[in-house]
Amino acid sequence: MGKKLVNECDQCHTIQRESNGWFKARILPTGEYVLTNIDRRSELVSSDDAEVTFLCGEECAFKNLGQYISRLKLQP
C-alpha cells in the first residue's frame, strides 16, 4: 500500500484539528491489535500488510477496540 496523510478519523470521520489526541490502531497479520498514539499532526505513514485505522481520540479508540473484541468473540 502507499502512504496516507492522516487528517480524518476512520471511526467517526472527524477532520483532524490541532487539539485532537490521535491514535493509530493496527491489526497485525498474526491477529494482534496494536494501539499507539500519533505524535504529530498530519503524520505521513507508510502502511504495511497490517490493517491500519486512524482514530481522533479516546472515545473512537475505545469503540475501535470494542469492535475488534466483538469480532474475536464471533470467531470459532
Side-chain angles (χ1 to χ4, degrees):
M1 296 187 142
K3 294 184 183 253
K4 177 178 180 177
L5 183 63
V6 181
N7 63 0
E8 182 179 345
C9 179
D10 292 325
Q11 185 74 35
C12 72
H13 304 289
T14 295
I15 301 299
Q16 187 170 11
R17 295 179 190 80
E18 290 288 343
S19 62
N20 292 105
W22 284 73
F23 295 90
K24 178 172 63 175
R26 297 176 17 163
I27 299 174
L28 304 178
T30 59
E32 296 170 279
Y33 182 92
V34 178
L35 183 68
T36 56
N37 67 326
I38 297 176
D39 292 333
R40 59 184 182 273
R41 187 175 184 279
S42 297
E43 179 178 332
L44 193 60
V45 295
S46 179
S47 55
D48 52 13
D49 294 338
E51 293 180 43
V52 179
T53 305
F54 298 96
L55 307 159
C56 68
E58 289 181 29
E59 185 176 338
C60 285
F62 284 127
K63 284 181 185 178
N64 188 265
L65 177 59
Q67 290 168 348
Y68 170 75
I69 292 169
S70 293
R71 287 190 342 211
L72 288 178
K73 290 180 184 177
L74 297 175
Q75 294 176 358

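These numbers come from a predicted model, not from an experiment. What's counted below: heavy atoms across the whole structure, side chains too, no hydrogens, waters or symmetry copies.
- Nearest heavy atoms, Cys56 versus Cys9: N-SG, 3.4 Å.
- One finds the CD1 atom of Ile69 at 10.0 Å from the CG atom of Asn64 (value rounded to the nearest 0.5 Å).
- To the nearest 0.5 Å, atom CD of residue Glu8 and atom CH2 of residue Trp22 are 7.5 Å apart.
- One distance of note links CD of Gln67 with OG1 of Thr53; it measures 8.5 Å at 0.5 Å rounding.
- Contact between Tyr33 and Leu55 at its shortest, heavy atoms only, is OH-CD1, 4.5 Å.
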Decide yes or no on side-chain contact (heavy atoms from CB on, under 4.5 Å) for Lys24 and Leu35, but give the supporting numbers first. CA-CA 6 Å; Lys24 178 172 63 175; Leu35 183 68; over 6 Å; no

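- Using modelled atom types, one side-chain atom of Asp10 and one backbone atom of Phe54 make a donor-acceptor pair closer than 3.5 Å.
- Note: the hydrophobic cluster containing Phe62 does not contain Leu72 (ILVMFWY, side chain heavy atoms under 4.5 Å, direct or indirect links).
- Surrounding CD of Glu59 are at most 12 heavy atoms belonging to other residues, nucleotides or ligands under 6.0 Å away.
- When every heavy atom of Ala61 is checked against every heavy atom of Phe23, the shortest pair comes out as CB-CD1, 4.2 Å.
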If you apply the rule side-chain contact (heavy atoms from CB on, under 4.5 Å), what do you find for Arg71 with Ile27, and how did you get there? CA-CA 12 Å; Arg71 287 190 342 211; Ile27 299 174; 3.0 Å; yes

